[in-house]
Amino acid sequence: MPELTPALIYGVTGIAVFAIGLVGALCAQDRLRRVLALKLCSVGAGFILVVAAWRDPPDAPDPVPHALVITGIVVMVSATAVALALIRRLQSLEAEDDA
Amino acid sequence: MTDTLTEMLTTLNGSLLSDAPLLPLFILLTSLLASPVLFALPESAARLRAGINLTVAALKVALVGWLGIKVGQGVVYDISFNMLPGLEFKLQADPLAILFVSLSAILWLVTTVYSVGYLERGPHRARFFGFFSLCVAATVGIAMAGNLFTFLIFYELLTLATYPLVIHKGSAEALRAGRIYLIYTLAGGLVLLLGTLGLWVLAGTTDFTPGGVLEDVVAENRLAAQALFVVLVGALGVKAALVPFHAWLPTAMVAPAPVSALLHAVAVVKAGAFGIMRVVYEVFGIETAQALGMTAPLAALAGVTIIYGSLRAITQDDIKKRLAYSTVSQVSYITLGVALASPIAAVGALAHLIHQGLMKITMFMAAGNLAEGLGVKKVSEMNGVGRAMPGTMLAFSAAALAMIGLPPLAGFVSKWYLAQGGLDAGAGWVIALLLGSSLLNAFYFLPMLYRAWFRDGTIEAPARPRIGWMLAAPPVATALMVLFVGGFANAPFSPLEWTRFVVAIEYQE
Amino acid sequence: MMLDPLTLVLFAPLFGAVAAFVFPRAAAAVGLGAVLVTCGAVLWLAQQVLAAGAVTVALGGWEPPLGIALRADGLAVAMLAMTAVVGLLVSASALDALREARQQQYFWPLWLLLLTGMNGVYLGTDVFNLYVMIEVIALAAVGLTVLSGTREAVRAGLEYMYASILGALLFLLGVGFVYLQLGRLDFEGLNSAEPSGALSAALALMVIGLLLKTALFPLHFWLPAAHANATAPASALLSGLVVKAALYIFLRLSTYMPLPDEILITLIGTLGAGAVLWGGVQALRAERLKLLVAWSTVVQIGLIFIAFARAGQIGLTESWKAAALLILAHGVAKAAMFLAAGRIKDEVGHDVIRDLDRSSIRPTLAQFTFALAAISIIGLPPSLGFIGKWSLMEGAMAAGYWHWVAVTMIGTLLSVAYFSRVFAGFLRFDRMRGELAEHKGWAVADIAPLTLALAAISLGLMATPILSFLELGYPFGATP
């Protein structure tokens, strides 16, 4: 059995979080839930990148993945905003049609 | 890329300096470039449209004549550029090409006159003449294709250009026929694509070369060569209306008369028959094809088609349908002559390529005139039409008698050579086949002539002719050609003489 | 800093997008200008690539792995050129097709953002940048999908959004694993890496994400509704260009995958075959013209994957060209087709295929354009689509993959069948309600789609120069 390093814990957690998000994104009925599930996926992927930055102390962590994670977060924030805007728009369109 | 450009420029320069080596290209471009102009003309510009049509058609005849003379003098034309590495778009003007190009150029001129008259007030004339022109361009391309790849390109173009013509009336029936036509011919085209690819992969070339290009392949892989033969001839057999791929032809009869005339005489069925010629003579080579054991089954299939078409023709009451089944039968004479693998039969086949075109176009235009002038569309309504429209019916009769094979008319000449060739090839059954077929021809044509001339009809001759000269003259002109090519078969530059020239090349004598 | 065409290709549309957003009244002018500048930059770049082979630039002078490098070879420039030309003509037709001011106002920034993303994908040399670019493309593309503002469009756009983001995140996860193993993300690094199971798994994650974004069967579920409900210029961009971005990345990445693995090839090809058959059947059943065209995109994507699959044992050295030709051909022809379909819908007032022949208005030139585009998409000579199909079948036949030949032929017949439904609607006249209307049959707005359709046909005649251009800089295969 491999040694339980923080990197491994982070890595496995990242994959698990991604997997939970994936199931949600594919199976959830509710629109908002699916957005949240996708957010989970992005968090999982972020974990993996953070792990990739891990260096045994005293080495400083690799800065490149950190930059990538931050970029990823920015991208995901905009994507979430667009998705939420679309959901609201759709809700109001549907409300109009029902009325 | 620059190389290609330089090459093109050099060719262009050469063309201006020397003896117009781009002549075949010009002939192709006459109708190809006329097409977009005709599309763009407004419906109302009838005179201008007719003018352009006739000018281009006449120009094309002149250019083809010039080309024929040059080729007769031994000038070699070869225009090509690379479309894919090693794979060329290639136009050539060998004597076989000249034979077919001349047919299409002359009959296009005649049919153009006829169509202008026929469609005088009909709808969608811009569309009609645009596609009509494109259709002829495709036929010219098919004739002058220097390799199977180029042939394929024009073969598909022909399908696309004829589809809108077939469904020109825009009725439910026309569209149904169009769909059948499209499915048959595009499926055939797809199989031809497969065959062309197969040839390219097996032989590394698709060039048409007298004697064939497959000798090495046959030695290595006989089965593959046989399969290739079946695929290619089967694909071409769709347009050539070989049984069992003939069903589209009778249904395509809903097309306007000039389209039917062109389809049956030069464009579609002839493209198939001509393709079979190219494949047998210049892809496989007649000796190789024979050695593969493929010519005998092909001859048998042609024989079956000849009899089947005639039998079906007898029972048709619709004039155009009867003529269509007659085409199924008659076009297979060409395939038969090719498959008999005898130079004499080949002369018959090639001569029939021309003769059948002249005879059939006459009959279709005459049938169109009957429908236009008298409203007669069925054989049972033909009583007394001879007196009502004597010129048209004289032309029809001449063509019908020629088709039956009355000497010295055109059909007799081709049948005579085919029979001789049958004997030469040691296939005595051909004589029986030809006799039987002629008998059947008589069975379905003579009643029409009898009704037209000897039965009193209810139809009175109209006080003044209801059809203009543009409808009346073309069938008479082609009927005169039928008389000429039969009666003066041995004159220089008659189709038969040119045919002998071609056969000498294909049989490498 | 010296101005170079690579940077300009990327930043002209980006600045254009910002400017078009800030000055909504001048959006159209700014947009057209930016696209024109991009076209010029692509031309300039093409000239450099012709002279020197591949061209590379490190953005801001930072070298990889920290900086971002851009690289252009023949393949990349061909894609850039296709995108620029298609984009220019779609832009021109958008001027007429988008009648509402609100649509004009949002179309231009979104489209320029999309163009930035597309160009970034073609020039990108590391997988993280590719991730960012496909996200940019996804956001812009979703925006374009919902531009028409109808309920169906927004619903389809949301579905598209989910699929697209999920695909991008799968890609990102793969990127993370690649970094974990190699400590770098550029193509050079992937190139020099020892093949390992873990690396293949990481690449597989990225590929699944890409397949979702390019809509390969059975991951195509989001595409038909999204492409069919967008406005015509948006549909043309989505179908002609956007799906090609993921395809292009797949093509680039496939060099690093152990692709000549028989099982993988068969899998990819089988999915492609599924797309060709399922998409074909759905297109036969589609009731609306734009939906039919959208399903034909699913079919074409499948066909392109069959072209990948036929790479077989030969590897990519030769066979990527068939895929590249099909990608280019489809880009041009499908844009033409969607624009023409949009024009027909505009003139007739609906796009229900069954009732096209009931209309007494016949936009002849748009119908003609549609037919021309169909010639290329069916793969009839001499169009570029035909050349692509020829290359595909030639390779498959030479490698003895007869099943791929068979699928291609069945797909072709299916496409004839479903397009002939449309032609019947164009050419039938006996069900018309009333007399044929006084309609001149054409409009200035037909020029852009017609140009594209004619290009799709005539580019086939230029296949040899196109192929030799694609090979510049040796995108795949050994440098001699």
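Keep in mind the model is a prediction, meaning the values are calculated, not measured. The chains referred to below are lettered A, B, ... by the order of the sequence lines, with proteins before strands, and numbering in each begins at 1.
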Worksheet entry | Contacting region of C/Leu166 [heavy-atom separation from chain A under 4.5 Å] | both
Worksheet item: What part of C/Glu159 is in contact with chain A, defined as an atom under 4.5 angstrom from a non-hydrogen atom: side chain, backbone, both or neither?
Response: side chain
Item to complete: Find the distance between CG (A/Leu86) and OH (C/Tyr162) and round it off to the nearest 0.5 Å.
Response: 8.5 Å
Discussion item. Take a 6.0 Å sphere around CZ of C/Phe187 and say whether it holds more than 12 heavy atoms from other residues, nucleotides or ligands.
Written reply: yes
Worksheet entry | Spacing of CE belonging to C/Met161 relative to CG belonging to A/Leu84, to within rounding of 0.5 Å | 9.0 Å
Worksheet item: Can you say whether A/Val35 sits under 4.5 Å from chain C via the side chain, the backbone, both, or neither, judging by heavy atoms?
Response: both
Discussion item. Tell me whether C/Arg155 is salt-bridged to A/Glu94, with the criterion being a basic N under 4.0 Å from an acidic carboxylate O.
Written reply: yes
Item to complete: For residues C/Phe177 and A/Ile15, determine if any side-chain heavy atom of one lies less than 4.5 Å from a side-chain heavy atom of the other.
Response: yes
Discussion item. Working to the nearest 0.5 angstrom, can you tell me the gap between A/Arg89 CZ and C/Leu158 CG?
Written reply: 13.5 Å
Worksheet item: Under a 4.5 Å heavy-atom cut-off, does chain A meet the side chain of C/Tyr131, its backbone, both or neither?
Response: side chain
Item to complete: May I ask you to check whether over 12 heavy atoms, not counting those of A/Arg33, lie within 6.0 Å of atom CZ?
Response: no
Practice prompt. For residues A/Leu93 and C/Gly149, report the shortest heavy-atom separation together with the two atoms involved.
Written response: CD1-O, 3.7 Å
Item to complete: Could you tell me which of A/Leu68, A/Thr71, A/Leu26 has the largest number of non-hydrogen atom pairs under 4.5 Å with chain C?
Response: A/Leu68
Response to the item:
Comparing C/Thr150, C/Val154, C/Val132, C/Val175 against chain A, the one with the most heavy-atom pairs below 4.5 Å turns out to be C/Val154
Response to the item:
Output for pair (C/Leu170 CG, A/Leu22 CG), nearest 0.5 Å, gives 6.0 Å
Worksheet entry | Closest heavy-atom pair and its distance - A/Ala52, C/Tyr179 | CB-CD2, 3.5 Å
